[in-house]
Amino acid sequence: MHQLLKDGAVVNNTWQLISADTDDLPQGDILISVSCWQAQRHNLANHAGAVGVWIDSNEEIEAFVATILDLPLIAINFPKFVDGRGFSLARLLRDRYAYSGEIRAIGQIIRDQLFPMQRCGFNAFAFETELDLVEASKSLGDFSDAYQVAVDQPEPLFKRRA
Amino acid sequence: MYQYDQYDQKIVDERVAQYRDQTKRFLAGAISEEEFLPLRLQNGLYVQRLAPMLRIAVPYGLMSSLQVRKIADISRKFDKGYVHFTTRQNIQLNWPQLEEVPDILAELAKVQMHAIQTSGNCIRNTTTDQFAGVASDEIEDPRPWCEIIRQWSTLHPEFAFLPRKFKIAVCGSEQDRAAFLLHDIGVQLIVNEAGETGFRIFVGGGLGRTPVIASLIRDFLPKEHLLTYLDAVLRVYNRYGNRDNKYKARIKILVRAWTPEVFAERVEAEWQHLKDGPATLNGHEIERVKGFFTLPDYRAVDDKAVQTQVNALAAEHKGFSRWLDRNVKPQKQQGYACVTLSLKPAGVAPGDVTDRQLDTIADLADRYSFGEVRTTHNQNIVLADVLKSDLFELWQAARPAGLATPNIGTINDMICCPGGDYCSLANAKSIPVAEAIQRKFDDLDYVYDLGDLELNISGCMNACGHHHIGHIGILGVDKKGEEWYQIQLGGSADKNAALGKVLGPSLSRDAVVDSIETLLDVYVENRLEQESFLKTYQRIGLDKFKERVYAPAS
Ligand code: SF4
């Protein structure tokens, strides 16, 4: 899709997703796999455009996370929308590794996941299928409060009850 | 019991609105079947063989009379005037309309109820002992902890799409009545040598296709760390649980593959990052929640005098005496007792009640048990805190409503899943087997003589009827397209939890009932004085039973 939701607004997608590993990377903003990043990061110093990585849901991010924290964008892939591993990965990036760049959900996500995804630290959502993004963004506001501590709320409800 | 404040109410109300919108989009074709499936499951809506089925949460089995009346009302308005109590202390509506579910949820929200996470691959309703707060062997009331877990697990943002369903039970007493070792997480309240209360944490128990008893992964967890530790367990499971094969996706498979020791280490390592973080409980919150589970205003009672009175009535009325024997249990507080209302009269599917019976239950609760009702995993109803001097009156009031069948803990008090009559996963029907057994063993004297006997029936390997832990378990199997049944013996859900062993080749429905009779004959012939079926089985072994059941007809 050419557009996506970022920080609650509809924006144009300037990033090209490079799903397979290749030596022949195009110019411009590219989103490459972790293995591609590891193989080519030194060659990419002079890349014409920005570089981000996409992580698959089953990856052990602990092994390489230190090398990606300075990137402007980390995307987390949902091979199936019911694969909930990405929720934990986003929380780890934000809570444990203090990543402050863009975390984008990609793959087979659905709008009804926006609220919990945002709570776990995602701030951008690129849907695979065409849909009305303005309409979908309403799901970001499904709830006005929540019990748990999360990226969007550092204190649990039990400490905030009046 | 716990009362919502504006925060709790708002979250439930917003969930209703969210689900209403999801239903609307689904009916308009904007959400596919595949996408709607987990969304509706997370809200308790199955689509079964005959109709959708809505499972309503009864957090740790506790309800007010007001809530019971609301359920009665809903079953009249939106269903066929009866509901089903499940083995997870929840309530099921068997015939709701998909279009009307949002309205049902809105009605439930008015009485602080919901259907959140009663199904689907998420953290389900936390269960506990039906005698919580009144059991004499209690270390601490488990219900405040269940409520703390309920709030933590409700719409947890990280764990809405787990590899598989996830069940937590809390046990607060010496005797286990929550089957906590058969849950994904079993939380046991204990007091350590220093006199501090905390938890023992077990993981990886469960029934289903691969029944397993949970393994201990933490010997003592101080109270304030409960939620951060649960977060750690769930995070490890969410990341590493199997997602390729739904039959290998429960946490028990991961625990077994890694070994409990390695699993414990992984959790411990994760927990080091979360420990003492903002989700750490504080005394203020623990006390706040405990404040909702205070004891009612008990009257000072001359227990001896009342007991004499009760005994005199029992001597006069045989039915009352039987009911006292089977359905009434003593409780911690002098002069009071716990009454189990049986939802297993012969001829009714175990756990089914009508709207009128629900209204009667609510009335009885208002009159005799401070307006509180408890559901049990044996699919009955408990009224606690009943004045012993009210027992006779209560019995007389419950009898005409069909709620006083004196069969608790007997062979007729069986656990039975909905099976092939309702469930699309079933291999075989289970309700007709239950009925046939109840019909066969209708001689009360014989049934009492048999004493404590748990008979559990599941219509398939998913084990919703807990057949693995019945003293006698019956499992529906498919044999070349026909409904057959396998019998298991020796299961038990108490502290010494054990899984039943298969007796032998599966049997036809008619043969099952006759075989049960044979099993009971073997027991009666072999038992020592006062020995229960389970004890006799443990002493004489499976073969004695097997030989007789499979003996060639002479
Ligand atoms: S045990 Fe099987 S048949 Fe029975 S309710 Fe569960 S899934 Fe259905």
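First the proteins, then the strands, lettered A, B, ... as listed; each starts at 1. Because only heavy atoms are used, hydrogens play no part in the values below, and waters and symmetry mates are left out as well, while side chains stay in. Since this is a predicted model, take the numbers as computed values, not measurements.
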- Interatomic distance, A:D112 atom CG to B:F36 atom CZ [nearest 0.5 angstrom]: 9.5 Å
- Interface moiety of B:T280 toward chain A, non-hydrogen atoms closer than 4.5 Å: backbone
- Query: Among A:Q108, A:M117, A:K159, which residue forms the greatest number of heavy-atom pairs with chain B at distances under 4.5 Å?
  - Reply: A:K159
- Atom pair CG (A:L157) and OG1 (B:T154), whose distance is rounded to the nearest 0.5 Å: 11.0 Å
- What distance do B:L155 atom CG and A:D145 atom CG have between them, rounded to the nearest 0.5 Å? 11.5 Å
- Query: Does any non-hydrogen side-chain atom of B:Y240 lie less than 4.5 Å from one of A:E60?
  - Reply: yes
- Query: Taking NZ, NE, NH1 and NH2 as the nitrogens, is one of them in A:R85 or B:E158 under 4.0 Å from a carboxylate oxygen of the other?
  - Reply: no
- Point-to-point distance, once rounded to the nearest 0.5 Å, from CZ of B:R15 to CZ of A:F143: 5.5 Å
- Message: Under 4.0 Å between a side-chain nitrogen and a carboxylate oxygen: does that hold for B:R239 and A:E62?
- Response: yes
- Message: On a heavy-atom basis, which atom in B:I11 and which in A:A146 lie closest, and how many Å separate them?
- Response: CD1-CA, 4.1 Å
- Query: ring pair (Phe, Tyr, Trp, His ring centres under 6.0 Å) with A:F158: which residues, sequence neighbours excluded?
  - Reply: none
- Looking at CD of A:Q148 and CH2 of B:W152, how far apart are the two atoms once the value is rounded to the nearest 0.5 Å? 8.5 Å
- Item | Spacing of A:C120 atom SG and B:F159 atom CZ [to the nearest 0.5 Å] | 8.0 Å
- Top contributor to chain B contacts, counting heavy-atom pairs under 4.5 Å, from A:S144, A:S139, A:A150: A:S144
- Message: Check whether B:N238 reaches the backbone of A:G84 with its side chain - one donor and one acceptor, N or O, closer than 3.5 Å.
- Response: yes
- Search all heavy atoms of A:F87 against all heavy atoms of B:P157 and return the closest pair with its distance. CD2-O, 3.3 Å
- With a 4.5 angstrom heavy-atom cut-off, which part of B:L281 approaches chain A: side chain, backbone, both or neither? both
- Message: Whether A:K138 and B:D21 form a salt bridge (side-chain N of Lys/Arg under 4.0 Å from carboxylate O of Asp/Glu) is what I want to check.
- Response: no
- Task: Check for a donor-acceptor pair, side chain of B:E35 on one end and backbone N or O of A:I110 on the other, with a separation under 3.5 Å.
- Result: no
- Heavy-atom neighbours of A:D70 CG exceed 12 at 6.0 Å: no
- Looking only at heavy atoms, the pair that brings B:P278 and A:P154 closest together is CB-O, 3.2 Å
- Message: Does any backbone or side-chain atom of B:Q42 lie under 4.5 Å from a heavy atom of chain A? Answer side chain, backbone, both or neither.
- Response: neither
- Note on the structure: A:Y147 and B:D8 have their tightest heavy-atom pair at OH-OD1, 2.6 Å
